[in-house]
Asks: 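Below: one structure in structure tokens.
Side chains included, hydrogens not; waters and symmetry mates left out as well; all remaining heavy atoms used. Keep in mind it's a predicted model, so treat the numbers as computed, not measured.
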Amino acid sequence: MRPSTGASITPVDASTEQPLGQVPEGTEADIDAAVAAARAAFDDPTGWASWEPARRAEVMDRLADAIDKRADGFVERVSAQNGMPVAVARQLEVGYPSAVLRYYAGLAREAAFEETTAGLFGGSIEVRRLPVGVVAAIVPWNFPQALTMFKIAPAMAAGCTLVIKPSPETVLDAYLLAEAVEEAEVPAGVINMVQAGREAGAYLVSHPAVDKVAFTGSTAAGRAIAEVCGRLLRPVTLELGGKSAAIVLDDADLDLTKIGEGLFGATLLNNGQTCFLGTRVLAPRSRYAKVVDAFTALAGSLNIGDASDPATQIGPMATARQRERVETYIAKGRGDGARLTTGGGRPAGLDRGWFVQPTVFADVDNSSVIAQEEIFGPVLSLIPHDDVDAAVRIANDSDFGLGGTVWTSDPERGAAVVHRVRTGTIGVNRSIPDPAAPFGGVKASGLGRELGPEGLSAYQQTQTVYA
Ligand code: NAD
């Protein structure tokens with residue numbers, strides 16, 4: 001990073017609305033410099049891309065250690081900036097990113113980067129898995145460290161170099177990551193970062209010296225990026241929005257003392273600002289009132305407060321704009337005749353910070369706006385279903401296909417249902433992405449996969465040698 005031309009970004013504490021500092025805003029010239037550094041590091045014939053993968057893995061392990069040393073700083077900065085409760089940040093913004101890095105260091109050591117087999121028509125065939133090149137990595141603010149690491153780790157394992165553009169809402173944690181990169185002695189030019197907004201992001205996506213784009217963010221921005229990458233024939237991975245279903249079967253145990261934590265993680269995690277949440281809850285008509293009561297009790301019982309308080313379960317929305325968006329959807333839900341069972345307003349006694357009460361609508365029609373569009377806040381839509389077939393049909397009646405869950409006392413029955421849902425990931429009675437397995441969406445939720453061995457392939461291209 002280098003200081004720039006005067007414009008600056010002011011991150012704000014989402015719980016208090018107080019400025020947290022000021023950082024210089026990167027310009028197109030900064031992006032040019034970052035891409036040039038990444039390009040030079042990648043093209044160096046004896047540099048990073050040419051190293052044995054196991055040598056790159058050593059650097060990755062050092063980086064994971066340097067990140068872990070800064071755990072408290074990451075937790076504090078992330079939750080101040082985006083309102084993520086510190087308890088959630090401790091679970092997913094530290095520990096998890098370094099685990100992803102160590103997982104890919106392991107893959108770098110074990111995966112076959114060159115394989116020779118006998119050719120079908122004689123001779124031998126060598127398949128080389130080469131790094132795709134300079135990667136433009138663009139990330140949102142909701143899980144800034146985890147989502148950045150979903151890109152850094154496989155790209156490093158493959159031998160790529162990166163230019164990362166964090167979201168302007170979460171710039172301070174990115175500085176800690178830059179510090180860790182320096183301490184770990186990642187070779188110069190391998191990881192570069194530019195703090196800037198969407199215009200600079202667009203400039204980076206179409207930069208002539210970039211070889212691949214990896215984007216996580218909204219479906220609207222993803223479509224714009226895909227158009228540019230399509231024109232340039234540039235490989236792109238897109239992790240976009242979601243409106244997943246939490247399918248409650250008629251045999252589900254609704255005792256919140258047993259499944260409350262799991263349901264919370266699957267439907268309301270990080271103040272509802274998590275892409276894979278099952279915010280459409282499909283409830284069996286035979287036990288409909290019980291399911292409505294359970295979700296109403298769950299949402300109504302959560303501790304709402306300053307994200308820095310370890311007891312907080314629901315913090316504020318990340319920005320004033322995000323709260324406005326959520327409140328607009330709540331108004332649409334009311335206007336469309338859905339039945340509000342809890343929440344719907346701002347919590348009492350929290351006059352500063354962009355708080356919204358966890359909100360449950362019952363009797364929602366799946367074709368209504370609040371059931372079809374991503375709200376990205378703590379708002380659940382409960383939709384009745386008559387049987388498993390109807391639940392599957394409603395789950396699949398969505399433009400999105402990112403996550404989802406099935407809640408049942410019978411795991412075998414649950415497995416049979418999840419296999420019928422058109423979505424990139426889905427869980428039986430749980431839902432947190434596992435670093436060792438592919439993560440991503442179908443339909444408007446994106447293209448390609450991150451995590452797992454598939455995540456490494458996304459940063460490689462093959463060269464086949466006939467000998
Ligand atoms: P956003 O699309 O507005 O911004 C995301 C990032 O892209 C930011 O860094 C932004 O500056 C940049 N950007 C925006 N438009 C761009 C463009 N045209 N070209 C290049 N860069 C551009 O999204 P957001 O509001 O920051 O994040 C919330 C969205 O992200 C939600 O829709 C959520 O579902 C999605 N998300 C998806 C996943 C996933 O893995 N599928 C994970 C987290 C968040």
Side-chain angles (χ1 to χ4, degrees), residues 8-23 70-97 139-148 166-177 195 197 261 264-265 267-275 277 279 298-330 342-360 375-380:
S8 60
I9 298 170
T10 304
V12 176
D13 189 318
S15 298
T16 65
E17 302 180 32
Q18 295 301 306
L20 289 162
Q22 211 174 41
V23 308
R70 291 165 174 77
D72 290 345
F74 279 119
V75 167
E76 192 185 310
R77 290 186 186 194
V78 168
S79 64
Q81 293 170 108
N82 72 2
M84 179 186 298
V86 285
V88 178
R90 276 225 176 267
Q91 190 193 351
L92 293 169
E93 282 284 283
V94 297
Y96 190 100
V139 279
W141 43 259
N142 61 331
F143 288 92
Q145 287 304 312
L147 296 172
T148 301
S167 197
E169 289 80 6
T170 42
V171 283
L172 299 178
D173 53 300
Y175 276 89
L176 280 182
L177 179 59
Q195 306 280 31
E261 203 179 322
F264 172 75
T267 61
L268 288 160
L269 182 75
N270 192 21
N271 320 329
Q273 299 176 137
T274 308
C275 52
L277 295 180
T279 49
L298 174 70
S301 69
L302 298 170
N303 287 329
I304 311 172
D306 193 307
S308 65
D309 182 341
T312 292
Q313 293 166 295
I314 293 280
M317 301 294 91
T319 61
R321 187 167 50 89
Q322 187 63 23
R323 177 167 71 176
E324 200 181 301
R325 174 191 161 103
V326 173
E327 290 181 336
T328 303
Y329 277 112
I330 292 174
T342 186
R346 296 181 180 182
L350 290 167
D351 300 332
R352 282 190 316 167
W354 299 300
F355 292 94
V356 180
Q357 286 177 316
T359 297
V360 175
I375 298 175
F376 225 51
V379 182
L380 302 182

Asks: Is the shortest heavy-atom distance from the side chain of Ile375 to the side chain of Thr279 under 4.5 Å?
Replies: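 Of all side-chain heavy-atom pairs linking Thr279 with Ile375, none is under 4.5 Å.
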Asks: With the side chain counted from C-beta on, respond yes when Val86 and Asp309 share a heavy-atom pair under 4.5 Å apart, and no when they do not.
Replies: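 The answer is no; the side chains never approach within 4.5 Å.
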Asks: Quick one: list whatever passes ring-ring contact (aromatic ring centres under 6.0 Å, His included) with Phe376, sequence neighbours left out.
Replies: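 Expected list: Trp141.
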Asks: Quick check: closest heavy atoms across Pro85 and Gly315, and the distance to 0.1 Å?
Replies: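 Heavy-atom minimum between the residues: CG-N, 3.9 Å.
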Asks: Could you go through the side chain to side chain contact (heavy atoms under 4.5 Å, CB included) check for Gln18 and Arg352 one step at a time?
Replies: CA-CA 9 Å; Gln18 295 301 306; Arg352 282 190 316 167; 3.3 Å; yes
Asks: Could you tell me which non-hydrogen atom of Arg70 sits nearest to which non-hydrogen atom of Leu176, and how far apart they are?
Replies: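 Smallest interatomic distance, heavy atoms only, reads CD-O, 3.7 Å.
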Asks: In sequence, state the C-alpha distance, the side-chain angles, and the governing distance for Leu277 and Leu268, and then conclude on side chain to side chain contact (heavy atoms under 4.5 Å, CB included).
Replies: CA-CA 7 Å; Leu277 295 180; Leu268 288 160; 5.5 Å; no
Asks: Rounded at 0.5 Å granularity, tell me how far CZ in Arg346 sits from CZ in Arg323.
Replies: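 Taking CZ in Arg346 and CZ in Arg323, the distance rounds to 3.5 Å.
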Asks: Quick one: pull up CH2 in Trp354 and CG in Asn271 and give me the separation to the nearest 0.5 Å.
Replies: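 Those atoms lie 13.0 Å apart.
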Asks: Side chains of Val360 and Leu298, heavy atoms from C-beta outward: is any pair under 4.5 Å?
Replies: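 No; the side chains remain at least 4.5 Å from each other.
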Asks: What heavy-atom pair brings Val171 and Pro11 nearest, and what distance separates the two atoms?
Replies: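 Scanning both residues completely, I find the closest heavy atoms to be CG2-CG, 3.8 Å.
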Asks: Establish, from distance only, whether the side-chain atoms of Asp173 and Gln145 form a donor-acceptor pair under 3.5 Å.
Replies: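 Checked: Asp173/Gln145 side chains pair up, N/O donor to acceptor below 3.5 Å.
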Asks: Is any side-chain heavy atom of Asn303 less than 4.5 Å from a side-chain heavy atom of Ile314?
Replies: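 Sidechains of Ile314 and Asn303: no contact.
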Asks: Where the side chain of Asn82 meets the backbone of Asn142, is there a donor-acceptor pair that is under 3.5 Å apart?
Replies: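 Checking the backbone N and O of Asn142 against the side chain of Asn82, a donor-acceptor pair under 3.5 Å is found.
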Asks: Can Thr342 and Thr359 be said to form a side chain to side chain contact (heavy atoms under 4.5 Å, CB included), step by step?
Replies: CA-CA 5 Å; Thr342 186; Thr359 297; over 6 Å; no
Asks: Is the backbone of Leu302 close enough, under 3.5 Å, to the side chain of Gln313 for a donor and an acceptor to pair up by distance?
Replies: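 No, Gln313 side chain to Leu302 backbone: no donor-acceptor pair under 3.5 Å.
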Asks: Counting distance only, does the side-chain N/O of Asp306 pair as donor-acceptor with the main-chain N or O of Ser15 below 3.5 Å?
Replies: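 Not a single qualifying donor-acceptor pair exists.
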Asks: Of the non-hydrogen atoms in Gly83 and Ala14, which two are nearest, and what is the gap between them?
Replies: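 Distance-wise, the nearest heavy atoms are N-CB, 3.8 Å.
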Asks: Nearest 0.5 Å, please: how far is CD1 in Ile9 from CD in Gln22?
Replies: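 Reported value, rounded in 0.5 Å steps: 10.0 Å.
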Asks: Judged by modelled atom types alone, do Ser167 and Glu169 share a side-chain donor-acceptor pair under 3.5 Å?
Replies: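 Yes, a side-chain donor-acceptor pair sits under 3.5 Å.
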Asks: To check you understand the geometry: which heavy-atom pair defines the closest contact between Met317 and Val356, and what is its length?
Replies: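 In this case the closest contact between Met317 and Val356 is CG-CG2, 3.7 Å.
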Asks: In the structure I gave you, are the side-chain heavy atoms of Val379 and Tyr329 within less than 4.5 Å of one another anywhere?
Replies: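 In short, these two side chains do not touch, never coming nearer than 4.5 Å.
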Asks: Please determine if Arg77 and Asp72 form a salt bridge, counting it only when a charged side-chain N lies under 4.0 Å from a carboxylate O.
Replies: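 No, no charged N to carboxylate O under 4.0 Å.
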Asks: Quick one: are Glu93 and Pro144 in side-chain contact, heavy atoms under 4.5 Å?
Replies: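 Glu93 vs Pro144: side chains touch.
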Asks: Out of curiosity, Leu20 CG to Thr10 OG1, how far, rounded to the nearest 0.5 Å?
Replies: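 Leu20 CG to Thr10 OG1: 10.0 Å, rounded to 0.5 Å.
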Asks: Could you please spell out the steps behind the side chain to side chain contact (heavy atoms under 4.5 Å, CB included) verdict for Leu172 and Gln81?
Replies: CA-CA 8 Å; Leu172 299 178; Gln81 293 170 108; 3.5 Å; yes
Asks: Can you confirm whether more than 12 heavy atoms, excluding those of Glu261, are under 6.0 Å from its CD atom?
Replies: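 Check fails, neighbour count at 12 or below.
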Asks: To the nearest 0.5 angstrom, please state how far the CG atom of Leu269 sits from the CG atom of Leu92.
Replies: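 Between Leu269 CG and Leu92 CG, I get 6.0 Å after rounding to 0.5 Å.
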Asks: Taking the side chain as every heavy atom from C-beta outward, state whether Phe143 and Met84 have any pair of such atoms under 4.5 Å apart.
Replies: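 Phe143 vs Met84: side chains touch.
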Asks: Between Thr148 and Pro166, is any pair of side-chain heavy atoms under 4.5 Å apart?
Replies: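 Side chain of Thr148 against side chain of Pro166, heavy atoms only: no contact under 4.5 Å found.
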Asks: Just verifying a value: how many Å separate Glu17 CD and Asp351 CG, rounded to the nearest 0.5 Å?
Replies: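 It comes to 10.0 Å.
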